[in-house]
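First comes the structure, then the notes that go with it.
Every chain is numbered from 1 and lettered A, B, ... according to where its sequence line falls, protein lines coming before strand lines. Here the structure is a predicted model, which means the values were calculated and not measured.
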Amino acid sequence: MTLLRVEGLVVAYRDPAGGERRAVDGVSFTLARGGALGIVGESGCGKSTLARALLAHGRPGSRFTAGQVLLDGTDILAATPAERTRLRGRRVALVPQNPLQALTPHLTIGAQLQEVLARHRGLRGTALRTAMLDLLAAMQIADPATLAARYPHEASGGQRQRVVIAAAVAGEPDLLVLDEPTTALDKSTEAQVLALVQAQQARTGCALVYVSHDLRTIAATCQEILVMHGGRVVERGTADEVLTSPREPYTRNLVGALPQLAPRPARQAPPLPLLEAQGLGFAYTRPRALPFLPRRPGPAALDAIGFTLAPGRTLGVVGESGSGKSTLGGLVCGLLAGHAGALRFDNAALGGAARHRPLALRRRVQMIFQDPAASLNPRHRVLDLVARAFTAYHALPAATARTRAEALLAGIGIGAELLRRMPGELSGGQQQRVAIARAFAAEPELVVCDEITSALDVTIQAQVLDVMRNMQRDRGVAYLFISHDLAVVSEMADDILVLHHGRIRALGPAAEVLGAPADAYTRALVAAFSSRRAAAPTPVPIPA
Amino acid sequence: MGATGLALRRLAASLLVLLLVSAVVYWGTAVLPGDALTAVLPMDVLQTISPEELARKRAELGIDRPHLVQFAEFLGRIAQLDFGRTTVTREAVLERIDHPLRNSLILAGLTAIAAPLAAIALAVASVLRPRGRLDATLTGGTLFAYSLPEFVTGNLLIILFAVLLPVAPAVIMLPTTAPSLDILGVIALPIATLILGGIAYQYRLLRAALIEALDSDYCERARLSGASEWRVVVRHALPAALVPMLSATAQFVSSLISGGIVIEFIFGFPGIGQELVQAISTRDIPSVQAIALFGASAVVLCNFAADLMILALDPRVRRRSHA
Amino acid sequence: MPNAATAPLASATAHRPSRLLRALRRPTTGIATLAVVLHLLMAATAPLWVPHDTSAMLDSPLAPPGAEFWFGTDLLGRDYFSRIVSGGQVALLVAALGVAGALAIGTLIGLACGYLRGAADEAVGRLVDALMAIPEFLLISILVLAFGKSLPALAAVVALVYVAGVVRVVRARTIALAAQDFVRAAELRGEPRLATLLRELLPNLLPLLAVEAPVRISAAVLRISALSFLGLGISPPTPDWGLMVQEAMTVILTDPWLLLFPAAMLSSFVVAVNFAVDGFAAAYGLRGEAGA
Amino acid sequence: MSILRVSRRRAMELAAAGFSTFSITDAAFAQAPMPKRGGKVVYGQTYPNWALGESNRGQHAFYWIDLLTRSMWNCLTWVDEDLRVHPEIATAWESDEAVKTWEFIIREGVTFHNGRPMTIDDVVASCAFHAGIPGFVARQVASVEKAGPNKVRFHLKAPNAEFPYTMADYRNVMMPAAAPDQIGFDGIGTGPFKLVDVDNKRLARMVRNENYWMPGRPYLDELHGVLATGQAAINGFRSGQFNAVFNIDPGQVAQYKAAGGEVHVSAAGDQFLLVLPKNLDQAWNDVRVRQALALAIDRKAINRIVYGERDGWTGNDTHIPGNDPVFVPRLVERDVARARALLAEAGHPNGIELPVIYFTTSFPEEPRIYPIVTESLRAAGITLRFEERPADGFNQYRLAVNAPVGRPSRSLVGPRNPAISLQRMTAANPSEAGGWTGSASAQYDAMYVEAIGTKDDAKRAEIYRAMQRLLHREVPAIMLGGRRNMAAFKTDVHGLKAHPQNWSSRFEDIWVG
């Protein structure tokens, strides 16, 4: 029996230039009671707008210009505001994207849950409190009372996600819409959260709508998948059909761009290492209460790190947030200083802040940052950004620097018409290409890449990884490639280093680490990232 | 670092600020032409008094010693909270400025409560009907009130509420030492004038912050979990939105404590502002110092109170260590 | 798989000029900008086309608006229209010079403190707090009595009043900017600190200053009229809206139009500037904390 | 015409100065219909006592909230609206032939507010106190002594035929005897009203002195004085808080009448004196420039525009007020052509720029006077700007340079008897004569000494007129006369008059009903 029927839905935004942009352009589908539907698409394809339309909610400036959303037969778009308020949270609920922003910062977690429970279950006083604590317990929260008294910023990522789900299911809705439920999570917590949601469906029989850009996770949890692009559904099918035999060219390109968990073909390693570390350690200093008190060191961010990286090769560094991978990158390129143990570059000690390093050394080690928009000065033109690197490192006169920069940018896919633009007017992919060009303008021997594709869509990510591989092939430059995504790392790395809480859990050639890793943590990580083709990856809890 | 860390840092900083204030105030007043003695002698005396006699009187009062010595001596006194005596008439400074200070604190205190409340009421009203006519009229109205100089709004209010409708006194005919209750009785129009002038800035900041907060993910989550718009605005958006406004309110109130001179002239309010004008005109450095230091410490307290309120409103600052 | 690396990608969002037109199309912003332009034009060109000399005493005092004197005459029988039209000149000039000074000095200090932090930042921060904590009347009295009421002196007074606020705003925005990666990139290039301040950070502050300047100038015009009320601002017989409003109060109930014209000019300028700035700030996505 | 001529408006028996004795009787204050006893007057005062800063212990007459000290105190003598001296605490006075020793007979049955009868010792102590501190009295009086159970004798430093006027000044009040540094601070006087409550920078509340020496006076039960600067005066009057206002802004006469008030205009008032320091190297050191300045200022315009009266009196560049019988008007009212010629003669053919003159607003209409002076001087090619300095310590700002003359600035001149007025232009008072020296100044000083030594009024008046003509030629300073004190009061307030000498206003005759 169909719970939800969406008929030719159109949601349009008033375009700042006065026109009308259709975020959702004629979408129709049905969802049976207790079913699970996946909606996949890249950023800007309208999936978030569609998700909110299921709760009859449009962001300011948007209007439902056509179509219906029938919940149990009644069109909720035509409902009066009072009716809409009543059905939200009771009949259909939304699990928002990133939990930290989605929880009110100045209200305790308990208070926010009780607010929803009070409204939809009419509970008050101690009954309300116990219901709230039971709800948290149902979400596998170890100590509900302590968490209830805490503020959102004092809970971990996994806990916050569970709280947000608890808030959504508090009203026992018939339809649960999940907007990018696992994007902000590490692989270890992602599996647990998905398991929770399925347990909720099993208990209440509610229908699920997953909206995500991550095709792999959607395929793992939904029977049926819709692929959206430009506000329209371009492909519809079961998880297997979409993954193994996509019909539409866009879907094919999307599936093809998925990074495969397969080691790069082994290459002969040149004997002399470019970058070495032995017993490398580092600790941040704790913030001081008064400006004159002595600075006390905090907990160790890196402990006993040892590795070698030969010229022209890529060392992949994998780790979840807080594992210390960015600290390692910072030490190598000079953003951080004051490490313990040995760090050598081209057989000479490497240390101290970049400011104090000689120009030659600064030129030979470059860094590319995660958020392309933040790494490019918004008030400088694209050409000047790259030309600046030429003048800084090679002391070239302005004119020659500009021509060299123009050539380098063209070679990397940034056409002449973009040169005079500000970074703000470029797409994410283009911005990262400019950042890459700026790094290579110095003709470095080692480039530290810190999560350079995590902010990008899958298709764009694939293009950027191609660019990086070509640059390594053409210029023989070494990469210290840092990411939380094992699949992305496996596409780039000759050798892989797995970091966890500042310690090495696995280090060796890619084939060896991905094949049969000795370390349990690495084994679970690899399993979580294994490709869809092999077998439907069951959500495997990763030991803390 | 939380509240205690902030309190410690703020205490250290405010002592430094007070020291800087008294230094700037001392050298500023010392630069002015004439000194406490010439300021006080009546005109016909000034013509007939001989330079030697003048010099002798100055020595008597000790105002002929080098400024550095006088400043050091002054700091010594302040350290034991002894605000000293007026230069020529040897009256205790504290006795002279205590009542005017109390009156100004009453005025500033009540305004400190009324202004933010008014701003909150207006901002919440305008945000509940975004893009509506009310929003435009409120924004325009507060801006218009702000654009009229205080002595215009003050006098218009007097004409409206004292001359045409006998609601409030046109002239505050209370002695400076009148009991607080009497002062409260006549304080309505001065506060209204101050709020009319000061509300625009706080309203604009609060309104902008409210609009930004209502666009946030957590307000959307609250809305999509079935909360009414009123509840979303008041319970979820308002507390965080108050933060930028609070520092503006603190700045607005602190400018009143020793700055409300225009208001005191218009309404004849027995505040500290007129006392400051008097102290400057008689070059009475101890009084000027005392008023400036009381004013400055009130400002520091105001900012500290605002910071504490910000801490109360935004737990992220208060309990950062757990994360 | 097509070699994505070299495929030229050309997609760019809207160009800059259309944002200007879009801002002006909004009614409030359009009218407000027009009003501001008119005010500036009037202040700049008034001496050329003013019908009568602003200080000549032509007729009996308080003549009502009529054919010969469109706005009537003031308490001294001077043509009120000529004085109203040239009433903005001095105040606007002093406000503009003062605020420009405050922005220049305030930005430099704010930039240095926001980026370099450390003991200097702490010390300057306290000095700014002290400056803001001293009763304003005292500071201004000292300045006026020491340096008089000439144009530069009054501009210095305005600069002093606003510099502390500018330092705070610029310092806060600089701290936020300095956390961005493009500043890390500059440091990695080994750019000298001064270069980082001027080339990387300053350009990003210009939009903030563009929003701050006009609003603070309009606030300064009001502040000057308050100073004139206390005898610390502009001296008669210079035509100035603040002085005219003050004079008009003495005959408010018998000749209300005497207050109407200068008050209308003063508030129309302030309201227009604020609405215009809000309109442009919205169109360009800027956010200033400017205010009274 | 003698300075003691009979005043037309007041039926009052009079005797020549000197030996006769007479006492103020009801006749002196015969009024229209029967005044009613009781009621309250709350008056706004726009012109506070500039000495307020020195002490805020309040009750002392020197620092009284405004200059109207006759509300609570009495002096030996009193000067009426026509600037003629009358007995007050002293019933009669006589001087020796050389007018150097004066004896005053003290009224019987006068008691202080605290009930204690006033004795000759109180009078002597008060007069000794006034003679002890620098000022007008000290400049004239060598010593004071008791000359009998009810007579006090003054020994002057130099002959002064008009000495009784000196003792009428607002500061020279009779107070209970006490040590010089304590006398007067108890706020006890002999005047018509007793002090109840005072905040001497804001207001004072007084009640009737039941045993006041003048029979049947005062009529009012209560008298409140409130300082009301800026709009507070008219607003207070309109809202009914004040039923009288002293020193109203002449520009607001229409508004006080519109608010149901009547306005009484005094015959004269203070004058604005432009001090032209000649000891600095300035263009006005040349007398022709000063004469040009005097000729070019349109004083009629000041009367017409600021005081709203076509033919009010204009200053004659001396301290003598317009309603003083001795007043000698200037020969030519205004002659721009002559002024230009004088300037050319003095070497400034195409006009001259004179230094800025500083002022601080005392009377409400003052800021409107100087633009008229500037504008009228422009016609004669003279550029003279006025710049306001805040109420803050204007005196020390003025005297910070070039003491004792100070910067070019304006000073206030109260209407007093010729002996005091003309003394202010002598070399003994450099700050108002602008450091005027030279033969003319010496001649002027000599004439002054001769005048005040002449007992015969007619002859003395002749010398005063000659001195004024000399000042017209020399113009040591510019006097913008024309000012008149104006008091507004509700229709049910009777007997309240504005007095040319602000401080000589009396309250005994005021009644409400």
Please classify the contact of C:L138 with chain B as side chain, backbone, both or neither, using a heavy-atom distance under 4.5 Å.
both
Quick check on the interface: out of B:G198, B:S14, B:S147, who has the most heavy-atom pairs with chain C under 4.5 Å?
B:S147
Identify which part of C:L143 has an atom lying under 4.5 Å from any heavy atom of chain B, answering side chain, backbone, both or neither.
neither
Can you spot which of B:T193, B:T249, B:L194 makes a side chain to side chain contact (heavy atoms under 4.5 Å, CB included) with B:T111?
B:L194
Can you confirm whether more than 12 heavy atoms, excluding those of B:F144, are under 6.0 Å from its CZ atom?
no
Parallel, tilted or perpendicular: which describes the rings of B:F151 and C:F229, with under 30° parallel and over 60° perpendicular?
parallel
Between C:E136 and C:R223 (salt bridge meaning N to carboxylate O under 4.0 Å), is one present in this structure?
yes
Counting heavy-atom pairs under 4.5 Å with chain B, the top scorer among C:V245, C:L266, C:V128, C:L139 is C:V245
Given C:E212 and C:R173, is the salt bridge (Lys or Arg N to Asp or Glu O under 4.0 Å) satisfied, shown in steps?
CA-CA 12 Å; C:E212 291 278 313; C:R173 191 60 70 88; over 6 Å; no
Can you say whether B:F265 sits under 4.5 Å from chain C via the side chain, the backbone, both, or neither, judging by heavy atoms?
side chain
Tell me, side chain or backbone of C:L127 under 4.5 Å from chain B's heavy atoms, or both, or neither?
both
Select one option (side chain, backbone, both, neither) describing which atoms of B:L293 are under 4.5 Å from chain C's heavy atoms.
neither
I'd like to know if the side chain of B:T153 reaches the main chain of B:E150, judged simply by a donor and an acceptor atom lying under 3.5 Å from each other, with no hydrogens or angles considered.
yes
Under 4.5 Å from a heavy atom of chain C, the part of B:V300 involved:
neither
B:V17 versus chain C, heavy atoms under 4.5 Å apart: side chain, backbone, both or neither?
both
Could you label the plane-to-plane angle of the B:F71 and B:Y26 rings as parallel, tilted or perpendicular, counting under 30° as parallel and over 60° as perpendicular?
tilted
